[in-house]
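Right, one structure below, let's go through it.
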Protein chains: 2
Amino acid sequence: MSDGTPPAAPGGETLLFLTDEQLRKGIEAMFFAYRGFTADPDRILAEHGYGRAHHRAIHFIHRSHGTTVNNLLSILGVTKQSLNRVLRTLIADGLVESRVGTRDKRERHLFLTEAGAALERELSDAQRERMRLAYRTAGPEAVSGFRQVLEAMMDPDMRRHYRAAREK
Amino acid sequence: MSDGTPPAAPGGETLLFLTDEQLRKGIEAMFFAYRGFTADPDRILAEHGYGRAHHRAIHFIHRSHGTTVNNLLSILGVTKQSLNRVLRTLIADGLVESRVGTRDKRERHLFLTEAGAALERELSDAQRERMRLAYRTAGPEAVSGFRQVLEAMMDPDMRRHYRAAREK
DNA sequence: CACTTTATGTCAGCCTTGTTGACATTCCAA
DNA sequence: TTGGAATGTCAACAAGGCTGACATAAAGTG
């Protein structure tokens, strides 16, 4: 274990000296913050009889109208069986519509229905509100740093998906 | 949906104008980053036949040697039955030791054994390494912002637990 | 055209990890 | 002495991961 005293910076290069304690703080920050991050949607989902898996599907279908099942699979990183179970209920409940592809008829393109979009709004309003408050509390510079660290923490494949969304 | 053009700041107060798109980016950053955050420990845990629930228990027992079951419950936010199932296997496997309290004999104080500490080290080494790289990539100012936003995102109870750990 | 590959869906079964409810034990504290 | 707190345990259930196997339709390829 480190003793918490960073050594003096050598040479001309500015390095980050990070004690195990500082890193542990970051790890716990991720853990506790993620709980807060999911708390509001979880409550809403429970009222509707859905879980986080449904939220994830709804979110990314909303983000990319008409996305295919395969694309969703690579974003979510679950098996098709897991995703299919969730999609099946969302389609049966009339929140998601699945249309056979025009060019490639093997593909199914996924869309939120009116009801699906309404739930999406309810969920993302709550989550955005939490995010907005956190941003305001921390300030604009903190927000930039927050995004930078998170992006650096992603696996490359996920970073690709993250950046692939319509920008800004 | 917002068009991404923030309105001019009114009056003398500096506000943060956050479009829905910017907030959505933050939300997805949390989602994708958390996946990266857990990826390395998940691999290690799988090799040992454990899951994330075991990791969480091991982490917080390590952080607070001799903590009680009740304290752990309030940190983890699960039912005692869930936690107990995990603790039982960890104790049976000789990674955690449970000692009856001296003052209050109802309480059990939890400690990592040598083997438990070894697994904790393996897990946290991997997770710290990911965190260290992200920090170095993003830079010191980003790290500060990262921590500020995450702390602001926590539920108050969790923020209390977060801050309660030995500081620095 | 025959064959292979791709995209998707589905069934069955298993595991982890969460839940609720019920009940027992121990023991502190009023 | 009695109520309630702290803990453990049993049973049952659900969500949501997983693997494996199999089916179908459509696209691509030689």
Side-chain angles (χ1 to χ4, degrees), chain A residues 31 34-35 38-39 41-61 66-93 96-111, chain B residues 31 34-35 38-39 41-61 66-93 96-111:
Chain A
F31 172 72
Y34 199 77
R35 292 264 296 279
T38 55
D42 281 353
R43 267 188 291 273
I44 295 167
L45 289 160
E47 291 169 12
H48 293 257
Y50 294 122
R52 266 183 219 177
H54 301 86
H55 186 189
R56 292 195 280 267
I58 288 173
H59 174 97
F60 286 105
I61 293 172
T67 186
T68 63
V69 172
N70 242 11
N71 183 47
L72 213 47
L73 281 176
S74 82
I75 288 177
L76 297 177
V78 298
T79 60
K80 62 172 181 171
Q81 292 92 331
S82 278
L83 176 57
N84 192 257
R85 181 168 36 198
V86 166
L87 285 180
R88 216 184 309 160
T89 72
L90 291 176
I91 291 169
D93 294 352
V96 168
E97 192 187 343
S98 164
R99 297 184 207 150
V100 172
T102 47
R103 287 192 322 218
D104 188 334
K105 293 181 188 166
R106 290 170 307 178
E107 295 180 339
R108 307 300 152 96
H109 298 274
L110 303 169
F111 303 86
Chain B
F31 173 72
Y34 199 77
R35 292 264 295 280
T38 55
D42 281 353
R43 268 188 291 273
I44 295 167
L45 289 160
E47 291 168 14
H48 294 257
Y50 295 123
R52 265 184 219 177
H54 300 87
H55 186 187
R56 291 196 280 267
I58 288 172
H59 174 97
F60 286 104
I61 293 172
T67 186
T68 63
V69 173
N70 239 16
N71 183 46
L72 214 47
L73 281 177
S74 81
I75 289 176
L76 297 177
V78 297
T79 59
K80 62 174 181 172
Q81 291 90 333
S82 275
L83 176 58
N84 192 256
R85 181 167 38 201
V86 166
L87 285 180
R88 218 184 310 160
T89 72
L90 291 175
I91 291 169
D93 295 352
V96 167
E97 192 188 343
S98 165
R99 296 184 207 151
V100 173
T102 48
R103 286 193 320 215
D104 186 335
K105 293 181 187 165
R106 289 169 305 178
E107 294 180 341
R108 308 300 151 96
H109 298 274
L110 302 169
F111 303 85

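Fair warning: this is a prediction, and the values are worked out from it, not measured in the lab. Every chain is numbered from 1 and lettered A, B, ... according to where its sequence line falls, protein lines coming before strand lines.
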Between CG on residue B:Leu83 and CZ on residue B:Arg88, distance to nearest 0.5 Å: 10.5 Å

Nearest-Å distance for atom pair CG/P, residues A:Leu90 and D:dG16: 10 Å

Between D:dG16 (P) and A:Leu73 (CG): distance, integer Å: 16 Å

Partner set under salt bridge (charged side-chain N to carboxylate O under 4.0 Å, His left out) for B:Arg106, not counting sequence neighbours: B:Asp104

Test side-chain contact (heavy atoms from CB on, under 4.5 Å) applied to A:Arg56 - qualifying residues, sequence neighbours left out: A:Arg52, A:Ala53, A:Leu76, B:Phe31

Distance test, side-chain N/O of A:Asn70 to OP1/OP2 of C:dT8, below 4.0 Å: yes

Nearest-Å distance for atom pair CG/P, residues B:Asn84 and C:dT16: 16 Å

CD1 on B:Ile58 to CG on B:Leu90, rounded to 0.5 Å: 5.0 Å

Heavy-atom side-chain contact between A:Asn84 and A:Val69 under 4.5 Å: no

Proximity to DNA chain D (any heavy atom under 4.0 Å), residues of residues 98-109 of chain B only: B:Arg106, B:Glu107, B:Arg108

Footprint string (nucleotides 17-25 of chain C, 5' to 3'): B base within contact, S backbone only, - free, heavy atoms under 4.0 Å: BBBBBB---

Value in whole Å for how far the P atom of D:dT9 lies from CG of B:Leu87: 10 Å

Minimum heavy-atom distance A:Leu45-A:His55, with the two atoms named: CD1-CB, 3.6 Å

Between P of D:dC18 and CG of B:Leu45, the distance in whole Å: 16 Å

Between P of D:dG8 and CG of B:Leu72, the distance in whole Å: 11 Å

Euclidean distance, atom CZ of residue B:Arg88 to atom C1' of D:dT7 [Å, nearest integer]: 12 Å

ring-ring contact (aromatic ring centres under 6.0 Å, His included) against A:His54, all qualifying residues, sequence neighbours excluded: A:Tyr50

Partners passing side-chain hydrogen bond (donor to acceptor under 3.5 Å, both in side chains) against A:Thr67 (at least two apart in sequence or in another chain): A:Asn71

B:Gly77 versus A:Arg35, closest heavy-atom pair with distance: CA-NH2, 3.8 Å

